[in-house]
Asker: 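Below: one structure in structure tokens.
Along the sequence shown, residues carry numbers from 1.
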Amino acid sequence: MELPFIGRLPAGARDAISDVGSVTVGHCTLDDGAVQTGVTVLRPHAGDPYRDRVPAAAVVLNGFGKSVGLVQVEELGVLETPIALTNTYSVAAVAQAQIRACIAANPESGRGLPTVNPLVFECNDGFLNDIQRMAIGEEHYAQALANAGVDVAEGSVGAGRGMSCFGLKGGIGTASRLAEGCTVGALVLANFGKLPQLRVAGEAIGERLAARQARAEAGPEKGSIILLLATDAPLDARQLRRLALRAGVGLARTGSVFGHGSGDIALAFSTAYTVPLQGDRPMPALAMLHETRLDALFEAAADSTEQAILRALWRAQPVTGRDGHRREALSELT
């Protein structure tokens, strides 16, 4: 089965979130027997986001999640660190790594300057990964950060190493769309869904694929998905929240029902301007995009999100991990 192109809007040059501004993405992957996990880091720009903060907003579609940093993002509407993705039991280690990195670059943080708000999202990769080992350390965040670039690896890499999607191997996916002279890019950590629910470009193929699976999976959905949107459109935090909500449209098109046990969280940010840390620097003075021009960006958000989820499935390689647990790749059933 060929990967379909979603929607009528054109993709960016890379068809990736790195088509937006100077956004870069890096991974650190742990592949060692029962340890199948990792860290993925998204840098919103090449500078220090603690000093040059990026406008952002988040939406919780279903709150079965353990992310760190969302309360302050909701209150202040900015990012202060790169965005990190990892497994559920490694959130604390990655948050600590973000704090240490900020202190190293800004020795007065927490003293003469404000404390930093780490931002870490998670999904539970415990089917394939021995999550109780808490194998992720600060060095793995640092490696993912150092690896950040415009060529975004997808599938069973970084935080996506141990993730499952629709009962198959999931992980990292990305895409972008052009609209209103702007770019919207999506990056997902796909770890959700039950195979019979899967829809691809509007076609319900899940039941057919489930019949080919060697081992049918029983019980309720226990997954999650993190949906990141970047745009170079000049939007404020209120508008970015509206944009983030449209990631849920793309998610639903793939067959997700935002299940009870699924932590489905979307965050959108803009690279059009930054907000300075200190008051001795001027605030940005630019016109925001008019509300009547947002519909095209909403379409771009929905389409790029759906495309990114499908790419996570298409790019993923099969993985065998904890206790011999194995996730087939979509390619093995089609």
Side-chain angles (χ1 to χ4, degrees), residues 12 14 16-27 39-59 67-70 72-86 94-95 97-99 101-102 105-106 109 114 116-121 141-142 144-152 158-159 172 174-176 182-189 226-241 243-244 247 265-277 281 283-284 286 288-289 297 300-301 304-305 308:
R14 302 181 188 91
I17 198 168
S18 55
D19 287 324
V20 179
S22 55
V23 170
T24 53
V25 177
H27 305 293
V39 180
T40 295
V41 173
L42 183 152
R43 296 187 67 189
H45 58 65
D48 183 351
Y50 175 73
R51 291 189 172 273
D52 294 292
R53 302 172 174 206
V54 177
V59 171
S67 299
V68 164
L70 288 179
Q72 188 166 310
V73 170
E74 181 178 4
E75 182 69 23
L76 300 185
V78 293
L79 306 180
E80 300 180 7
T81 66
I83 302 168
L85 310 174
T86 190
V94 174
Q98 289 186 323
I99 293 169
C102 178
N106 303 276
S109 176
V116 68
N117 181 48
L119 185 60
V120 186
F121 293 97
Y141 170 80
L145 184 65
N147 289 342
V150 296
D151 296 321
V152 184
I172 298 291
T174 189
S176 67
C182 302
T183 305
V184 176
L187 184 134
V188 303
L189 179 61
I226 304 302
L227 309 137
L228 304 179
L229 294 175
T231 184
D232 54 9
L235 304 179
D236 61 23
R238 179 187 59 79
Q239 293 173 313
L240 287 165
R241 187 184 187 282
L243 188 69
I265 301 173
L267 179 139
F269 66 92
S270 172
T271 64
Y273 62 98
T274 59
V275 177
L277 166 64
R281 293 170 56 199
M283 289 289 285
L286 76 166
M288 299 298 147
L289 196 70
L297 297 186
S304 59
T305 298

Asker: Does any N or O in the side chain of Glu80 come within less than 3.5 Å of the main-chain N or O of Asn117, such that one atom is a donor and the other an acceptor?
Answerer: yes
Asker: What's the spacing between Cys102 SG and Asp48 CG if we round to 0.5 Å?
Answerer: 6.5 Å
Asker: Might you point out which heavy atoms bring Pro49 and Gly47 nearest each other, and give the distance in Å?
Answerer: CD-O, 3.3 Å
Asker: Say whether, by atom type as modelled, one donor and one acceptor occur between the side chain of Asp232 and the main chain of Thr183 under 3.5 angstrom.
Answerer: yes
Asker: Could you list the residues that satisfy side chain to side chain donor-acceptor pair (under 3.5 Å) with Arg43, not counting sequence neighbours?
Answerer: none
Asker: Please check this pair: side chain of Ser176 against backbone of Gly12, looking for a donor-acceptor N/O pair closer than 3.5 Å.
Answerer: yes
Asker: Run the numbers on Leu277 and Asn106 for side-chain contact (heavy atoms from CB on, under 4.5 Å), then give the verdict.
Answerer: CA-CA 12 Å; Leu277 166 64; Asn106 303 276; 5.7 Å; no
Asker: What closest approach, in Å, do Ile17 and Leu228 show between heavy atoms, and which atom pair accounts for it?
Answerer: CD1-O, 3.9 Å
Asker: Above 12 or not: heavy atoms from other molecules or residues under 6.0 Å from CZ of Arg241?
Answerer: no
Asker: Answer whether the closest heavy-atom distance between the side chains of Thr274 and Pro44 falls below 4.5 Å.
Answerer: no
Asker: Just by modelled atom types, is the Leu85 backbone N or O under 3.5 Å from a matching donor or acceptor in the Thr40 side chain?
Answerer: no
Asker: Where do Ala144 and Val39 come nearest, in terms of heavy atoms and distance?
Answerer: CB-O, 3.7 Å
Asker: Could you state the interatomic distance from CZ (Arg14) to CG (Asp151), rounded to the nearest 0.5 Å?
Answerer: 6.5 Å
Asker: Would you say Ser270's side chain and Ala233's backbone share a donor-acceptor pair under 3.5 angstrom?
Answerer: yes
Asker: Please round to the nearest 0.5 Å and tell me the distance separating atom CG of Leu235 and atom CZ of Phe269.
Answerer: 12.0 Å
Asker: Any non-hydrogen side-chain atom of Met288 less than 4.5 Å from a side-chain atom of Tyr273?
Answerer: yes
Asker: Quick check for you: to the nearest 0.5 Å, what is the distance between Cys182 atom SG and Leu289 atom CG?
Answerer: 6.0 Å
Asker: Is there side-chain contact between Leu70 and Leu119, with heavy atoms separated by less than 4.5 Å?
Answerer: yes
Asker: Restricting to non-hydrogen atoms, name the atom on Ala230 and the atom on Val20 that form the minimum distance, rounded to 0.1 Å.
Answerer: O-CG2, 3.5 Å
Asker: Locate the shortest heavy-atom distance separating Val120 from Gln98; write the atom from each residue and the value.
Answerer: CG2-OE1, 3.5 Å
Asker: Would you call Leu267 and Leu79 a side-chain contact if the rule is heavy atoms closer than 4.5 Å?
Answerer: yes
Asker: Going through the distances and angles, do Val94 and Val68 end up as a side-chain contact (heavy atoms from CB on, under 4.5 Å)?
Answerer: CA-CA 10 Å; Val94 174; Val68 164; over 6 Å; no
Asker: Within this structure, what is the CG-CD distance for the pair Leu297 and Gln239, rounded to the nearest 0.5 Å?
Answerer: 9.0 Å
Asker: Going by the side-chain contact (heavy atoms from CB on, under 4.5 Å) test, name the single residue among Leu42, Leu145, Val54 that passes it with Pro82.
Answerer: Leu145
Asker: Which pair of heavy atoms, one from Gly185 and one from Ser304, lies closest together, and at what distance?
Answerer: C-OG, 4.4 Å
Asker: Look only at the side chain of Thr174 and the backbone of Ala16, and say whether a donor-acceptor pair between them is shorter than 3.5 Å.
Answerer: no
Asker: Would you indicate whether the side-chain heavy atoms of Pro284 and Pro276 approach each other to under 4.5 Å?
Answerer: yes
Asker: Is there a side-chain contact between Phe121 and Leu189 in this structure, where contact means two heavy atoms from C-beta onward sitting under 4.5 Å apart?
Answerer: no
Asker: So Ile172 and Val25, do their side chains get closer than 4.5 Å, heavy atoms only?
Answerer: no
